Amino acid sequence: MQDIIKAIEEASIKIKDLIETGDTGKSEQENSTGDTQLKLDIASDVIIENIFKQIPSIKAIVSEEQEEIVDLNEDGEYLIAYDPLDGSSLVDVNLSVGSIYGIYKNEFNAQNIVASIYVVFGPRVEMVVATDDVKMYRLLKGKFEFIQNIVLNEKGKLNAPGSTQNCWAPYHKQMIDDIFQDGYRLRYSGGMVPDLHQILLKGGGLFSYPGTTDRPKGKLRQLFEVFPFAYTYEKANGGAVDGFKRALEVETTHIHDTTPCFFGSKTEINRVLEVYKNNG
Ligand SMILES: O=P(O)(O)OC[C@H]1O[C@](O)(COP(=O)(O)O)[C@@H](O)[C@@H]1O
Ligand SMILES: [Mg+2]
Ligand SMILES: [Mg+2]
């Protein structure tokens, strides 16, 4: 696993340079989810793939930006699903973005996730590695240095409600309104990585990206976005659900499947389960 962490550090230093100097324009291509890819999405993907290709412990990789799984080493132990540049459309307005890596064994599905890593590119570059616990590192003078362990409080103060509001179910809208009535503060940038990083570092709260009338299965992708963060939140003493069950019990039928998702500290996650059980 250390070789994979080193590879992600190396890729992140290159992606940081790309974000600073690269072209923020659109490419001519769409990815499997139907998003028009930015040149930055494609270039970050190439950086990561070229570095992962040199790591013998990686059996196969699959990127949010590519249609198919890429086999690397027959004898490799790990499978990696990654989102090379999450929130890439925020680079041109200079908001924070990130990369997300889910590390799996045997098969790409929730039951087989064994570690998760994400990198935030903001005013600083930070990497969060979740194995048995959750550790944060910061890029300082060209090297990632350990900063702290991350543990969520039982209850937080932040609310990050995603997706198109006029497509919300009435009970979802009511739940979000009630959470604000209880004094939670709005924190939503539109970048999953910085939004979830903020909740982790400020002690807790709720991030939601529900199923909606326009997208009943939500927007966020299981293998590349939801399972890696679900793993991190659970290891940080919080939780992640699809409304009814643990996100890490959601079944994957296709590598680009999406799912509704909620991440947070335990109190907020129990609140979501209660509301959805009574209404969903
Ligand atoms: O604008 P919306 O619908 O709230 O969606 C925001 C979500 O979409 C994303 O940008 C999706 O990721 P990509 O940029 O990799 O497609 C997340 O980072 C974010 O949480
Ligand atoms: Mg993404
Ligand atoms: Mg992406």
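Note that the structure is predicted; figures quoted are calculated from it, not measured. Atoms within a ligand are numbered from 1 in the order they appear, just like the ligands themselves.
Applying the salt bridge (charged side-chain N to carboxylate O under 4.0 Å, His left out) test to pairs two or more places apart or on separate chains, those with a residue in residues 39-63 are Asp23-Lys39, Glu49-Lys53.
Looking at Met192 next to ligand 1, an N or O pair under 3.5 Å apart turns up. Annotation: Gly87 places an N or O atom under 3.5 Å from an N or O atom of ligand 1; distance criterion only.
Atom OD1 is the N/O/S atom of Asp86 found closest to the Mg ion (ligand 2). Within Glu225, the N/O/S atom positioned nearest the Mg ion (ligand 2) carries the name OE2. When distances from the Mg ion (ligand 3) to the N, O or S atoms of Asp83 are compared, OD1 comes out shortest. No other N/O/S atom of Glu64 lies as close to the Mg ion (ligand 3) as OE2 does.
Aromatic ring orientation, Phe224 versus His256: tilted (interplanar angle from 30° to 60°).
Salt bridge annotation for Glu126-Arg138: present, with a cationic side-chain nitrogen under 4.0 angstrom from a carboxylate oxygen. Salt-bridge formation is not detected for the pair Glu9/Lys143: no Lys NZ or Arg NE/NH1/NH2 atom is positioned less than 4.0 Å from an Asp or Glu carboxylate oxygen. Salt-bridge annotation for Arg246 and Glu249: present, with a side-chain N of the basic residue lying under 4.0 Å from a carboxylate O of the acidic one.
In terms of protein heavy-atom proximity, atom 4 (O) of ligand 1 is closest to Tyr188 OH, 2.5 Å. When hydrogens are left out, the protein atom nearest atom 15 (O) of ligand 1 is Glu64 OE2, 3.0 Å; that is the closest non-hydrogen contact. If you check which protein heavy atom lies closest to atom 18 (O) of ligand 1, you get Asp86 OD2, 2.6 Å.
Ile103 has its side chain out of reach of Ile113: every pair of non-hydrogen atoms, C-beta onward, lies at least 4.5 Å apart.
Around atom 7 (C) of ligand 1, the closest heavy atom drawn from Lys219, Arg221, Arg215 belongs to Lys219.
Short contacts between ligand 1 and Glu225, defined as distances under 4.0 Å to a heavy atom of the residue, involve ligand atoms 11 (C), 12 (O), 15 (O). Atoms of ligand 1 lying under 4.0 Å from at least one heavy atom of Ser88, given by number and element, are 14 (O). Near Gly191, with a cut-off below 4.0 Å to any heavy atom, the atoms of ligand 1 are 18 (O). Heavy-atom contacts of Tyr209 reach the following atoms of ligand 1: 2 (P), 3 (O), 4 (O), 5 (O) (cutoff under 4.0 Å). Close approach of ligand 1 to Asp83 is summarised as follows: ligand atoms under 4.0 Å from at least one heavy atom of the residue are 15 (O). For ligand 1, the atoms closer than 4.0 angstrom to any heavy atom of Ser163 are 4 (O).
Within 6.0 Å of CG on Asp182 lie more than 12 heavy atoms contributed by other residues, nucleotides or ligands. Asp214 CG: more than 12 foreign heavy atoms inside a 6.0 Å radius. No more than 12 heavy-atom neighbours from other residues, nucleotides or ligands sit within 6.0 angstrom of NZ on Lys173.
Exactly one residue among His197, Glu225, Met192, Met127 makes a side chain to side chain contact (heavy atoms under 4.5 Å, CB included) with Tyr118. That residue is His197.
Not counting sequence neighbours, Glu268 has no partner by the salt bridge (charged side-chain N to carboxylate O under 4.0 Å, His left out) test.
Taking a 4.0 Å cut-off on heavy atoms, Phe224 fails to register as neighbouring ligand 1.
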